[in-house]
2 protein chains.
Amino acid sequence: MTTAEPIEFWFDFSSPYAYFAAHQIGPIAARHGRELRWRPFLLGAMLKLTGMSPLTEQPVRGDYARHDWARLARLHDQPFRLPDRFPILSVVAARAFYAVEATAPAVAGPFALDLLTAFFGRGIDITDSARIGEIGAAHGLDPELLAASAREPQWREALRLRTDEAIAKGVFGAPFIRVGAEGFWGSDRLEMVERWLETGGW
Amino acid sequence: MTTAEPIEFWFDFSSPYAYFAAHQIGPIAARHGRELRWRPFLLGAMLKLTGMSPLTEQPVRGDYARHDWARLARLHDQPFRLPDRFPILSVVAARAFYAVEATAPAVAGPFALDLLTAFFGRGIDITDSARIGEIGAAHGLDPELLAASAREPQWREALRLRTDEAIAKGVFGAPFIRVGAEGFWGSDRLEMVERWLETGGW
């Protein structure tokens, strides 16, 4: 690695593992002086391609995941309760994110983190554009403009392009971290990501 | 955790991730003064129940796994080459293991580690009972008795029972580490296992 490649953090707003990792990826990027690019996409599109179903619907693996999420929450001292309605279609939240990234990039990362925390930590329905507007207001964003963003063609298109990009890059799960062309799947690979950043790869 | 529960290391002799983890689990058990129980089973039986296919046959995820195995080999400085014939049916190796565990328990762990290393590090065909006999000979075992073990009803039955036990315990992948009733899936969870052992759980 000769230049300081940015870190891409690919995730779906409906992924508990992304929620846990999202709280760690910012500090990791900061420690290594790397730009962090939040990249929400629609994981469902990729699951279709890989023949996978949502984790909670998988026999045995779903039970393990539920236990594991509670365990990770206690380990990282993060509030967590699997929402009654889960998984959700994260399209409204993801389009809102790309609207914010394009118009107020400085708050895009904190906004993404707040959306994940609202959903998994406080049970707020982030498929509801009014709730998304309220979360944005805390970051100085116009709640009504934000609530309307999910219906606007340009953010619809932005999300579609990012989801295509995820598929093209082989991003098959969430979270999926990329440093240059090097991909790392899963919240349990953050230590390896950090080692990769420290050493320049091996 | 009030008593020092043993560590169960569930794996399939055809799992590269188990190969990488197998070299670390012994030192982890030793550091925490825990008994280590090697528990080969037939992962294919569980894949059927969870609707999964072997990793290398999965679109996109298979490519990632191949890249990841090479990366883990370099990281841990372990020889690794994905055998031409892969995955294999590990039934011969697993039955031989249970024969050794019952008759020469002190060498069972080192023998299991050698089988994994022979297959993934040196490309030796561990579906061939003659090769298994040779590997056992290095541990002072009778190569002919060992080579014959896969055909003996008692070791056939031992493996069947262990595979049933794996299914009953929700062991859906390899490696899968259990400390008491607490399960940890994946070679990338070894640090969490160690933390669990250090703290007594959280």
Side-chain angles (χ1 to χ4, degrees), chain A residues 10 17 20-21 43 45-55 57-78 166-173 176-179 181-196 198-199 201-202, chain B residues 10 17 20-21 43 45-55 57-78 166-173 176-179 181-196 198-199 201-202:
Chain A
W10 292 91
Y17 285 117
F20 294 116
L43 181 58
M46 196 59 178
L47 294 183
K48 269 184 206 158
L49 283 181
T50 54
M52 300 291 286
S53 53
L55 201 44
E57 295 169 17
Q58 295 177 25
V60 192
R61 300 166 68 98
D63 291 337
Y64 176 84
R66 273 181 282 265
H67 178 82
D68 194 34
W69 294 330
R71 182 168 64 185
L72 284 167
R74 296 193 306 271
L75 176 62
H76 297 303
D77 200 17
Q78 281 180 234
I167 290 170
K169 287 180 169 175
V171 174
F172 58 83
F176 195 103
I177 296 104
R178 282 175 54 98
V179 179
E182 195 71 19
F184 302 87
W185 172 46
S187 67
D188 35 23
R189 285 300 180 90
L190 291 175
E191 290 179 35
M192 187 181 279
V193 168
E194 189 136 32
R195 188 157 174 169
W196 191 268
E198 275 163 13
T199 61
W202 60 84
Chain B
W10 292 90
Y17 285 118
F20 294 118
L43 182 57
M46 196 59 178
L47 294 182
K48 269 185 207 156
L49 283 183
T50 55
M52 302 290 288
S53 52
L55 202 43
E57 294 170 16
Q58 295 177 26
V60 192
R61 300 165 68 100
D63 291 337
Y64 175 83
R66 273 180 282 266
H67 178 81
D68 194 35
W69 293 329
R71 182 169 63 187
L72 284 167
R74 296 193 306 273
L75 176 63
H76 296 302
D77 200 19
Q78 281 181 234
I167 291 170
K169 288 180 168 175
V171 174
F172 59 83
F176 195 103
I177 296 102
R178 282 174 54 98
V179 179
E182 194 71 19
F184 302 86
W185 172 47
S187 67
D188 34 22
R189 284 300 178 89
L190 291 176
E191 290 179 36
M192 187 181 280
V193 168
E194 189 136 31
R195 189 158 175 166
W196 191 269
E198 275 163 13
T199 61
W202 61 84

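Naming convention: chains lettered A, B, ... in sequence-line order (proteins, then strands); numbering from 1 in each chain.
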Go through the atoms of R189(B) and report whether side chain, backbone, both or neither lie under 4.5 Å from a heavy atom of chain A.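 Just the side chain, heavy atoms under 4.5 Å.
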Relative to chain B, which of R71(A), R195(A), M192(A) shows the most heavy atom pairs under 4.5 Å?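 Of R71(A), R195(A), M192(A), R71(A) has the most heavy-atom pairs under 4.5 Å with chain B.
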Between chain B and each of E191(A), Q58(A), R61(A), E182(A), count heavy-atom pairs under 4.5 Å; write down the option with the most.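 Of E191(A), Q58(A), R61(A), E182(A), R61(A) has the most heavy-atom pairs under 4.5 Å with chain B.
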What class does the angle between the rings of W185(B) and Y64(A) fall in, given that below 30° is parallel, 30 to 60° is tilted and above 60° is perpendicular?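 Judged by the thresholds at 30° and 60°, the geometry between W185(B) and Y64(A) is perpendicular.
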Atom pairs and distances, side-chain donor-acceptor, residues 48-55 of chain A, under 3.5 Å, sequence neighbours left out:
residue, atom, partner, partner atom, Å
T50(A), OG1, M46(A), O, 3.1
T50(A), OG1, L47(A), O, 3.4

With the side chain counted from C-beta on, respond yes when K169(B) and W10(B) share a heavy-atom pair under 4.5 Å apart, and no when they do not.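 Yes - at least one pair of side-chain heavy atoms lies under 4.5 Å apart.
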Counting only non-hydrogen atoms closer than 4.5 Å, does D68(A) touch chain B with its backbone (N, CA, C, O), its side chain (CB onward), both, or neither?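 Only the side chain of D68(A) comes within 4.5 Å of chain B.
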Contact summary for L43(B) and F172(B), nearest pair of heavy atoms: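 Shortest heavy-atom contact: CD1-O, 3.9 Å.
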